A.B. asks: 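Have a look at the structure that comes next, please.
As the structure is a prediction and not an experimental result, all values here were calculated from the model.
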Amino acid sequence: MTNVNVAKGSCLCGAVSISATSMSNFVGACHCNMCRKWGGGAFLAAECGADVSFEGEDSIGVYQSSEWAERGFCQKCGTHLFYKLKQNNQYYMPVGLFDNHEGLIFDHQVFIDEKPEYYSFANETKNLTGADLFAQFAPISEDS
Ligand SMILES: [Zn+2]
Ligand SMILES: [Zn+2]
């Protein structure tokens, strides 16, 4: 993940705006049960590192979805704002928040083993199971 952009975005109602100074232009989909429960479908996310700032922070709600991660949302309109790993403050942001989609490449899918049968993406991507993913991030274990 070498290419980085300065990305601006906002929630649906505009109460929260986002500035991510080191967003990857590689987009991934997460098919895990929690992401699909959270958003109603696969979570399309861009890795944004730790350099993310928000305006309208008063409107941000945070849900502790596991011991190691939390999920943010706008309390006014319900827009999902981030999935964040607590141990290193890494943000994974829903790519649809950002206004500029130029140069984005959808190149990987994770928890492919939890993807239900009724849909699949046609893009050619690198696909990892949950077990593959946890093997890459050894300190983080078990569920998402
Ligand atoms: Zn909002
Ligand atoms: Zn997930």
A.B. asks: Apply the test side-chain contact (heavy atoms from CB on, under 4.5 Å) to residues L44 and F106: give CA-CA distance (whole Å), side-chain angles for both, the deciding distance (0.1 Å), then the verdict.
C.D. replies: CA-CA 9 Å; L44 294 174; F106 176 38; 4.2 Å; yes
A.B. asks: Using the rule that two of Ile, Leu, Val, Met, Phe, Trp, Tyr join whenever any of their side-chain heavy atoms come within less than 4.5 Å, decide whether L97 and V95 are in one cluster.
C.D. replies: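 As far as the 4.5 Å side-chain criterion goes, V95 and L97 are connected within one cluster.
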A.B. asks: Is any side-chain heavy atom of Q90 less than 4.5 Å from a side-chain heavy atom of Y92?
C.D. replies: yes
A.B. asks: Apply the test side-chain contact (heavy atoms from CB on, under 4.5 Å) to residues I18 and M93: give CA-CA distance (whole Å), side-chain angles for both, the deciding distance (0.1 Å), then the verdict.
C.D. replies: CA-CA 10 Å; I18 300 135; M93 315 280 291; 3.5 Å; yes
A.B. asks: Using every non-hydrogen atom in the two residues, find where D51 and S22 come nearest and quote the distance to one decimal.
C.D. replies: OD2-OG, 3.6 Å
A.B. asks: Report the distance from atom OG of S17 to atom NZ of K8, rounding to the nearest 0.5 Å.
C.D. replies: 8.0 Å
A.B. asks: Distance alone, cut at 3.5 Å: any donor-acceptor contact between the side chains of T125 and N127?
C.D. replies: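 Indeed, the side chains of T125 and N127 share at least one donor-acceptor pair under 3.5 Å.
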A.B. asks: Is it the case that over 12 heavy atoms from other parts of the model lie below 6.0 angstrom from the CD atom of E67?
C.D. replies: no
A.B. asks: Do we see a donor-acceptor contact under 3.5 Å between the side chains of K86 and Q64?
C.D. replies: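 Side chains of K86 and Q64: pair found under 3.5 Å.
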A.B. asks: Which pair of heavy atoms, one from Y119 and one from A42, lies closest together, and at what distance?
C.D. replies: OH-CB, 3.7 Å
A.B. asks: Test of understanding: clusters of I, L, V, M, F, W, Y form through side-chain heavy atoms closer than 4.5 Å, transitively. Do F98 and F54 belong to the same one?
C.D. replies: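 Yes, F98 connects to F54 through the hydrophobic network.
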A.B. asks: Between S19 and E55, is there a side-chain heavy-atom distance shorter than 4.5 Å?
C.D. replies: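 No, too far: nothing below the 4.5 Å cut-off.
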A.B. asks: Looking only at heavy atoms, what is the nearest atom pair of C77 and C13, with distance?
C.D. replies: SG-N, 3.5 Å
A.B. asks: Are the side chains of H108 and L128 in touch, meaning some heavy atoms are under 4.5 Å apart?
C.D. replies: no
A.B. asks: Given the side-chain rings of F43 and F111, with only the six-membered ring counted for Trp, is the space between their centroids under 6.0 Å?
C.D. replies: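 Not close enough - the centres of the two rings lie 6.0 Å or further apart.
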A.B. asks: What I'd like to find out is whether the side chain of V27 reaches to under 4.5 Å of the side chain of I105, using heavy atoms alone.
C.D. replies: no
A.B. asks: I need the D132 CG to I112 CD1 distance, nearest 0.5 Å.
C.D. replies: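 Between D132 CG and I112 CD1, I get 10.5 Å after rounding to 0.5 Å.
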A.B. asks: Report the C-alpha distance between V52 and M23 in whole Å, list the side-chain angles of each, state the deciding distance to 0.1 Å, and finish with yes or no for side-chain contact (heavy atoms from CB on, under 4.5 Å).
C.D. replies: CA-CA 9 Å; V52 178; M23 175 178 162; over 6 Å; no
A.B. asks: Under the side-chain contact (heavy atoms from CB on, under 4.5 Å) rule, what do N89 and K84 come out as? Steps first, then yes or no, please.
C.D. replies: CA-CA 6 Å; N89 284 329; K84 182 181 164 191; 3.1 Å; yes
A.B. asks: Can you tell me how far the NZ atom of K76 sits from the OG atom of S59, to the nearest 0.5 Å?
C.D. replies: 3.0 Å
A.B. asks: I need the minimum non-hydrogen distance between G9 and D99, along with the two atoms involved.
C.D. replies: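 Shortest heavy-atom separation between G9 and D99 comes out as CA-OD2, 3.9 Å.
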A.B. asks: Does some side-chain heavy atom of L104 sit less than 4.5 Å from a side-chain heavy atom of F26?
C.D. replies: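 Side-chain contact under 4.5 Å: no.
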A.B. asks: Report yes if the side chains of T79 and V16 come closer than 4.5 Å at any heavy-atom pair, otherwise no.
C.D. replies: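 The answer is no; the side chains never approach within 4.5 Å.
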A.B. asks: Got a donor-acceptor contact below 3.5 angstrom from the R36 side chain to the E114 backbone?
C.D. replies: yes
A.B. asks: Can you name the closest pair of heavy atoms from L81 and P94 and give their distance?
C.D. replies: O-CD, 3.2 Å
A.B. asks: Would you check if the distance from the ring center of Y83 to the ring center of Y63 is below 6.0 Å?
C.D. replies: no
A.B. asks: Any side-chain heavy atom of H80 sitting closer than 4.5 Å to one from W38?
C.D. replies: yes
A.B. asks: Aromatic rings F121 and H31: how do their planes relate, parallel, tilted or perpendicular, breaks at 30° and 60°?
C.D. replies: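 Because their plane-to-plane angle lies in the 30° to 60° range, the rings of F121 and H31 count as tilted.
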A.B. asks: Would you say I60 and L12 are hydrophobically clustered, going by side-chain heavy atoms of ILVMFWY under 4.5 Å?
C.D. replies: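 In one cluster: no.
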A.B. asks: Indicate yes or no: at least one non-hydrogen side-chain atom of M34 is less than 4.5 angstrom from one of S65.
C.D. replies: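 Yes, side chains in contact.
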